[in-house]
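Below, chains carry the letters A, B, ... as their sequence lines are ordered, and counting in each starts from 1.
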Amino acid sequence: MSHSTAEKLVYMANQIATAFAQQQHTAAVDATRTHIRKFWDPRMRAKIAEHVAAGGEGLSPVAKEALEGLPPVKAA
Amino acid sequence: MSLTTDIDYGTPASTSEKLVTLTIDGMRVSVPEGTSIMRAAMEVGNKIPKLCATDMLDAFGSCRLCLVEIEGRNGTPASCTTPVAEGIVVKTQTERLKQIRKGVMELYISDHPLDCLTCSANGDCELQEMAGVVGLREVRYGYDGENHTKMGKDESNPYFTYEKSKCIVCNRCVRACEEVQGTFALTISGRGFDSRVSPGMDENFLTSECVSCGACVQSCPTATLNEKAMFDIGTPEHAVVTTCAYCGVGCAFKAEMRGDELVRMVPYKDGKANRGHSCVKGRFAYGYASHKDRILKPMIRSSIHEPWKEVSYEEAIQYAASEFKRIQEKYGKRAVGGITSSRCTNEETYLVQKLIRGGFGNNNVDTCARVCHSPTGYGLSQTYGTSAGTQDFDSVEKADVVLIIGANPTDGHPVFGSRLKKRLRGGAKLIVIDPRRTDIVRSPHVEAAYHLALKPGTNVAMVTALAHVIVTEGLVNEAFVRERCDWDDFQEWAAFVADARHSPESVEKYTQVPAEQVRKAARLYATGGNGAIYYGLGVTEHSQGSTTVMAIANLAMATGNIGREGVGVNPLRGQNNVQGSCDMGSFPHELPGYRHISDDATRAAFEAMWGVHLDDEPGLRIPNMFDAAVEGTYKGMYVQGEDILQSDPDTKHVSAGLAALECLVVQDLFLNETANYAHVFLPGCTFLEKDGTFTNAERRIQRVRKVMAPKNGYADWEVTLMLADAMGFKMDYAHPSEIMDEIAALTPAFTGVSYQKLEELGSVQWPCNEKAPTGTPVMHIDGFVRGKGKFMLTEYVPTDERTGPRFPLLLTTGRILSQYNVGAQTRRTANVAWHPEDVLEIHPHDAENRGIRDGDVVKLESRSGATSLKAVISERVAPGVVYTTFHHPVTQANVVTTDFSDWATNCPEYKVTAVQVSPSNGPTPWQEEYEDLSKKSRRIAVEAAE
Ligand code: SF4
Ligand code: SF4
Ligand code: SF4
Ligand code: FES
């Protein structure tokens with residue numbers, strides 16, 4: 001795995017989405033979003049949001065949908 | 001032997017609830033049925049002479065010193081082996097008894113070298129004491145008997161000596177090794193007057209099976225087995241009860257002192273985790289506390305390429321604080337953070353997270369539990385609603401089937417390992433799921449019913465397959481599930497696991513374990529009576545660590561193995577205070593007591609108490625900190641008592657992160673590997689030098705008591721207070737008990753905890769509050785903490801770390817008994833006698849293919865990096881799997897491990913790395929470069945003479 005932060009975050013988001021993949025689609029999307037909202041520091045969320053805005057390359061469908069609905073990060 | 005102040009009841013307590021009343025020397029006494037007459041006499045303060053009996057061991061009845069007379073019965077039975085009976089009248093002192101006892105003592109003394117005055121046990125010897133007790137004034141056989149002094153001394157063990165001539169063949173050591181430790185290293189060899197104890201077949205202690213636990217030394221009534229410190233220092237004069245600072249078992253010890261010099265550590269019989277036993281680390285390996293490498297003065301430097309400069313605490317603290325403030329000014333509030341220590345006390349970790357949240361104004365705090373048991377926290381809170389093991393250690397005594405997954409208790413948690421072995425010898429069945437044939441799989445008088453030697457990285461497939469068998473073969477405890485768990489979730493889960501893709505036959509291709517074995521093991525766990533699961537880092541340190549924890553939790557719920565003694569789900573925690581550091585709010589997303597930082601009410605309570613505003617956003621976890629540092633958004637860090645460079649995976653990435661920091665403050669006993677990248681060094685103090693509490697793997701909060709002044713001037717908590725003060729965030733405490741009071745006031749599971757209560761009860765297991773004023777040994781008795789137990793779906797997802805042509809072997813890592821974690825402490829003790837270096841275990845087949853012989857130096861390489869170490873050829877590992885430990889910085893096994901991690905918690909995947917092993921002729925370039933950097937970085941400037 002590369003050490004570029006965006007790629008790493010994509011990898012992590014996909015891993016989370018996969019862990020919830022056995023649930024119904026909406027439940028999986030919600031669980032992925034909640035997990036990221038709960039455990040990722042704002043700079044990580046801001047970074048992945050940028051990546052999503054730029055097309056979200058590499059994200060699985062569940063991860064992408066979850067991230068598209070992620071509330072915007074407030075300034076510190 | 002232990003200090004005479006300890007009462008020895010002679011035989012173990014009976015657990016019977018039925019009372020029996022008898023008369024001893026005219027006094028009536030009621031004791032539980034099954035109690036020995038000896039113990040009953042001691043209950044009324046009547047100490048019957050004895051030599052072969054001690055209350056840590058079952059009665060043996062060999063010395064004949066403890067004889068008594070019972071009205072209406074013939075003869076003089078031994079009081080240690082004779083149980084009480086209703087209404088009997090016992091006499092412990094009559095003319096006849098006196099004469100017999102004198103005779104017995106005369107025989108013992110006649111072939112004993114009587115050099116009491118210069119003997120190391122003088123004043124602490126039961127033989128000497130008994131001679132006085134029975135009134136021995138002459139020895140009719142004379143003193144010219146064979147006194148065996150030519151027999152010599154075995155001094156091979158670094159910590160104790162064996163002086164054969166003083167052995168009275170009471171068998172106490174042999175029995176201690178068998179009954180308490182479970183190693184069976186000792187036998188009696190020779191006959192008659194020549195018979196003596198012997199380790200193995202004519203071996204010395206060091207080369208024998210002995211694991212140096214010291215149980216035999218503690219049980220020896222004479223100087224035969226004696227701590228070397230007793231020779232060097234003399235007998236102790238006072239003792240202080242404290243808690244071991246090594247592993248998560250949390251053994252209680254008496255630190256036996258002469259003045260402020262520690263003479264020896266003796267396991268405390270009233271310690272509820274260890275019940276008077278210990279391992280080689282806790283009992284003997286405390287020499288690091290006075291090791292010459294300890295750094296006792298604060299130091300600073302502006303660049304890691306400069307030598308260190310010793311300064312005052314004030315200067316070091318001011319420098320650190322001004323750097324943190326400068327960094328925050330320049331890069332933002334969230335550009336700094338810190339790491340709490342699982343080796344420090346609860347009070348200290350609480351303060352570090354308080355400093356970060358309150359003083360730094362962000363939540364960038366994490367702890368080394370990130371890299372070990374964070375998946376336990378996540379997995380158990382999802383399923384049961386609480387982040388901790390469900391049982392106390394005593395519970396194992398009621399288990400009928402023990403399922404061990406990814407844990408090596410005899411090495412990692414030795415005293416629990418001994419207690420477990422005792423139960424297994426008593427008849428409980430054992431299932432082990434582990435890629436390696438650990439000692440518990442087969443050792444004297446213990447043999448696992450099933451050892452499922454799965455391929456590393458396939459835990460979820462394995463545990464889900466066990467669930468498949470339980471569901472499809474109708475072994476679910478439906479009554480339990482209906483009453484205690486969410487029924488809809490259960491049904492969804494049952495349908496999920498019942499799918500053919502989860503059957504043992506289908507997953508065999510991943511796990512490589514024959515399906516029939518898996519089926520039998522599942523049946524045994526589900527139907528064998530009380531089923532107890534114990535697991536370790538072999539479960540958590542995987543990319544699906546959290547999923548496996550949930551799969552384990554599912555298994556216990558489905559079979560009703562939760563909520564009473566003898567069952568449960570028990571994570572075996574690595575370091576002494578991992579449980580405590582997690583409880584104390586060391587994770588970036590939660591405040592003490594596992595409450596999310598975004599919860600307004602919880603934050604408000606802390607804000608009111610601390611008088612600051614708290615950031616409501618989660619902070620960075622350790623691996624994220626390194627990423628952010630490399631990226632340039634994280635610039636300053638305070639690390640208390642952890643060596644992240646050596647302990648964390650993918651060393652090269654960690655070192656790049658550390659090197660990118662503008663201010664790294666390390667507080668530790670030694671210039672550890674992390675300190676190679678530090679700008680401020682604050683000396684740490686040992687557990688002997690401070691007050692506080694540790695919380696062990698069974699949620700047991702125990703006192704750590706100061707037995708000597710901190711050699712570096714301050715306890716760790718005091719140094720944190722100074723740093724907080726310099727950051728402009730005043731914290732005011734005169735004693736750690738006040739910190740605990742604050743924790744209790746803010747944390748629902750701790751409201752009943754106070755130092756006073758710990759004084760009264762010895763220890764308490766949280767939750768300890770209005771509902772459970774004396775604590776909670778077994779959790780989830782009437783219901784789960786979250787309400788209904790929640791079954792979670794656990795799909796197996798193979799790790800992306802795969803073997804291939806370049807890296808065809810799987811490396812898994814672990815630990816061994818004599819060394820602890822990164823080894824900073826144990827490497828600085830005589831424990832190196834057992835493990836001078838890390839080695840690589842490799843199967844004969846793989847070794848032969850590569851032309852590797854036992855003892856060759858080999859190169860171990862992954863896509864992350866390469867290191868070199870010695871190979872040991874061993875069938876403990878399966879073909880295709882290699883194994884090593886991470887106790888030594890010269891090897892740095894973590895150069896090889898990767899940055900893959902658990903999906904939920906980012907706990908690193910230490911247990912699976914694809915590697916290649918090849919012959920080598922010396923250190924790798926990384927090892928050489930690092931050695932060079934370490935040497936340069938550890939320079940301390942010498943003050944020019946005036
Ligand atoms: S072992 Fe006890 S009795 Fe023997 S010489 Fe030493 S102190 Fe005296
Ligand atoms: S030190 Fe422990 S393992 Fe060694 S012989 Fe004594 S009791 Fe047995
Ligand atoms: S290291 Fe663990 S088992 Fe050994 S004495 Fe300490 S707490 Fe007990
Ligand atoms: S103490 Fe009872 S026979 Fe030795």
> What part of B/Asn362 gets closer than 4.5 Å to chain A, counting heavy atoms only: side chain, backbone, both or neither?
Replying inline: neither
> Using non-hydrogen atoms only, which part of B/Ser543 is less than 4.5 Å away from chain A: side chain, backbone, both, or neither?
Replying inline: both
> Does a salt bridge link A/Lys8 with B/Asp627, judged by any charged N lying under 4.0 Å from a carboxylate O?
Replying inline: yes
>> Between B/Phe587 and A/Phe39, is the side-chain contact (heavy atoms from CB on, under 4.5 Å) condition met? List the steps.
In response: CA-CA 10 Å; B/Phe587 286 138; A/Phe39 295 105; over 6 Å; no
> CE of B/Met792 to CD of A/Gln22: how many Å apart, nearest 0.5 Å?
Replying inline: 12.0 Å
> CD of B/Glu795 to OG1 of A/Thr18: how many Å apart, nearest 0.5 Å?
Replying inline: 10.5 Å
>> At under 4.5 Å between heavy atoms, what parts of residues 46-58 of chain A are in contact with chain B? List them by residue number.
In response: A/Lys47
> What part of B/Asn906 gets closer than 4.5 Å to chain A, counting heavy atoms only: side chain, backbone, both or neither?
Replying inline: side chain
>> So for B/Phe626, is it side chain, backbone, both, or neither that comes closer than 4.5 Å to the heavy atoms of chain A?
In response: neither
> So B/Tyr378 and A/His35, side-chain contact (heavy atoms from CB on, under 4.5 Å) or not? Walk me through it.
Replying inline: CA-CA 11 Å; B/Tyr378 180 84; A/His35 190 92; 3.6 Å; yes
>> Let's go through A/Met44 and B/Arg621 carefully: what are the C-alpha distance in whole Å and the side-chain angles of both, what is the deciding distance for side-chain contact (heavy atoms from CB on, under 4.5 Å) to 0.1 Å, and is it a yes or a no?
In response: CA-CA 11 Å; A/Met44 294 161 69; B/Arg621 299 171 287 190; 4.2 Å; yes
> Is it the case that more than 12 heavy atoms not belonging to B/Arg501 sit under 6.0 Å from its CZ atom?
Replying inline: yes
>> If I measure from the heavy atoms of chain A, does B/Tyr634 come under 4.5 Å with its side chain, its backbone, both, or neither?
In response: both
>> Minimum heavy-atom separation for A/Arg37 and B/Pro618, please, with both atom names.
In response: O-CG, 4.0 Å
> Is B/Glu617 salt-bridged to A/Arg45, going by a charged N under 4.0 Å from an acidic O?
Replying inline: yes
>> Can you tell me which of B/Thr547, B/Asp902, B/Leu620, B/Thr905 forms the most heavy-atom pairs within a distance under 4.5 Å of chain A?
In response: B/Leu620
> Between B/Trp903 and A/Tyr11, does the ring centroid distance fall short of 6.0 Å?
Replying inline: no
> A/Arg43 and B/Thr633: which non-hydrogen atoms are nearest, and at how many Å?
Replying inline: NH1-O, 2.8 Å
> So which residues of residues 797-804 of chain B are in contact with chain A at a heavy-atom cut-off of under 4.5 Å?
Replying inline: B/Val797, B/Asp800
> For B/Ala628, is it the side chain, the backbone, both or neither that has a heavy atom under 4.5 Å from a heavy atom of chain A?
Replying inline: side chain
>> Does B/Tyr510, at its OH atom, have more than 12 non-hydrogen atoms belonging to other residues, nucleotides or ligands within less than 6.0 Å?
In response: no
> For A/Asp41 and B/Asn624, what are the C-alpha separation, side-chain angles and deciding distance, and is it a side-chain contact (heavy atoms from CB on, under 4.5 Å)?
Replying inline: CA-CA 9 Å; A/Asp41 134 284; B/Asn624 313 145; 5.9 Å; no
